[in-house]
Amino acid sequence: QQPLVESGGGSVQAGGSLRLSCAAYTYIGSSYCMGWFRQTPGKEREWVGSIYSGDGSTYYGDSVKGRFTISQDSAKKTLYLQMSSLKPEDTAIYYCAAMVWGRMCPVRGVESDFPYWGQGTQVTVSS
């Protein structure tokens, strides 16, 4: 499997927007469940949302529903996380991840279901 590589992190003020990208050459356009997670120091990794690359179905965690959007570009083999109405509590390292081929996305993502991970990208939201 080729590695997952996130980019697009940075600093933004509360209420602003940011788009994260994840280069996912092996995964996009095939039957993979792709997920976004985030983690802050001292806390467990939190599932943000998932997309099934086969048909584009998306699922979101309660804390980001209505503010974040996951999408994919099959031509560019890239996964995106569009974040809007950002809050200071969205500050975290964001990771993209993939499940094994052929598994459908569960309604709620679980870290242990995703064996493939990127290195993460930092997002900082200031008040």
Side-chain angles (χ1 to χ4, degrees):
Q1 303 286 34
Q2 292 202 21
L4 296 164
V5 182
E6 302 96 336
S7 62
S11 298
V12 64
Q13 289 196 326
S17 299
L18 203 60
R19 188 178 77 164
L20 305 183
S21 300
C22 175
Y25 299 104
T26 304
Y27 308 95
I28 299 297
S30 186
S31 301
Y32 284 97
C33 176
M34 306 295 300
W36 285 98
F37 288 77
R38 64 187 183 184
Q39 189 170 28
T40 54
K43 293 188 177 181
E44 292 186 355
R45 203 166 287 187
E46 177 190 9
W47 173 69
V48 173
S50 299
I51 184 168
Y52 184 64
S53 62
D55 62 9
S57 298
T58 54
Y59 310 85
Y60 296 97
D62 291 339
S63 62
V64 306
K65 198 173 295 183
R67 299 188 299 123
F68 290 11
T69 302
I70 298 174
S71 63
Q72 59 182 5
D73 185 323
S74 297
K76 296 181 178 179
K77 302 293 187 183
T78 301
L79 180 71
Y80 298 104
L81 178 66
Q82 177 67 48
M83 304 183 292
S84 302
S85 302
L86 283 161
K87 306 174 182 179
E89 51 264 44
D90 294 318
T91 295
I93 298 174
Y94 283 73
Y95 300 88
C96 67
M99 295 177 69
V100 297
W101 182 88
R103 287 193 63 186
M104 302 294 290
C105 290
V107 174
R108 300 193 67 85
V110 176
E111 181 182 356
S112 59
D113 285 340
F114 291 79
Y116 307 112
W117 292 83
Q119 83 289 348
T121 186
Q122 175 72 46
V123 172
T124 303
V125 184
S126 57
S127 57

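A chain of hydrophobic side-chain contacts below 4.5 Å, direct or via other Ile, Leu, Val, Met, Phe, Trp or Tyr residues, connects Leu81 to Val12. Linking ILVMFWY residues whenever their side-chain heavy atoms come closer than 4.5 Å, directly or via other members, places Trp101 and Ile51 in the same cluster. When the side chains of ILVMFWY residues are joined at heavy-atom separations under 4.5 Å, either directly or via intervening members, Val64 and Tyr95 end up in two distinct hydrophobic clusters. Both Met83 and Tyr60 belong to a single network of hydrophobic side chains, linked directly or stepwise wherever heavy atoms of I, L, V, M, F, W or Y lie under 4.5 Å apart. Cluster membership for Tyr59 and Phe68, using ILVMFWY side-chain heavy atoms within less than 4.5 angstrom, is not shared.
Thr40 and Ala92 make their closest contact through CG2-CB, 3.6 Å (heavy atoms, listed as atom of the first residue, atom of the second, distance). Scanning both residues, Ser85 and Ser17, for their nearest heavy atoms gives N-OG, 4.4 Å. Pairing each heavy atom of Tyr94 with each of Val48, the nearest pair is CE2-CG2, 4.2 Å. Residue Pro115 comes nearest to Ala98 through the heavy atom pair CD-O, 3.2 Å, listed as atom of the first residue, atom of the second, then distance.
Separation of atoms OG (Ser31) and CE (Met99) is listed at 12.5 Å; rounding is to 0.5 Å. Annotation: the span from Tyr27 atom OH to Leu4 atom CG amounts to 4.5 Å, rounded to 0.5 Å. The distance from atom OH of Tyr52 to atom CD of Gln72, rounded to the nearest 0.5 Å, is 10.5 Å. Taken from NZ in Lys76 to CD1 in Ile28, the straight-line distance is 13.0 Å, to the nearest 0.5 Å. Distance check, rounded to the nearest 0.5 Å: OG of Ser21 to CG of Leu79 gives 8.5 Å. Annotation: the span from Arg38 atom CZ to Asp90 atom CG amounts to 4.5 Å, rounded to 0.5 Å.
Listed for the Glu111 side chain is no donor-acceptor partner under 3.5 Å among the backbone atoms of Trp47. The main-chain N or O of Leu20 is never found under 3.5 Å from a side-chain atom of Glu6 such that the two would form a donor-acceptor pair. Listed for the Gln82 side chain is no donor-acceptor partner under 3.5 Å among the backbone atoms of Arg19.
The aromatic ring centres of Phe37 and Phe114 sit less than 6.0 Å apart.
Counting only heavy atoms from C-beta outward, the side chains of Thr91 and Gln122 approach each other to under 4.5 Å.
Comment: Asp62 engages Lys65 in a salt bridge, judged by a side-chain N to carboxylate O separation of less than 4.0 angstrom.
Side-chain contact, Glu46 with Ser63: a donor N or O sits under 3.5 Å from an acceptor N or O.
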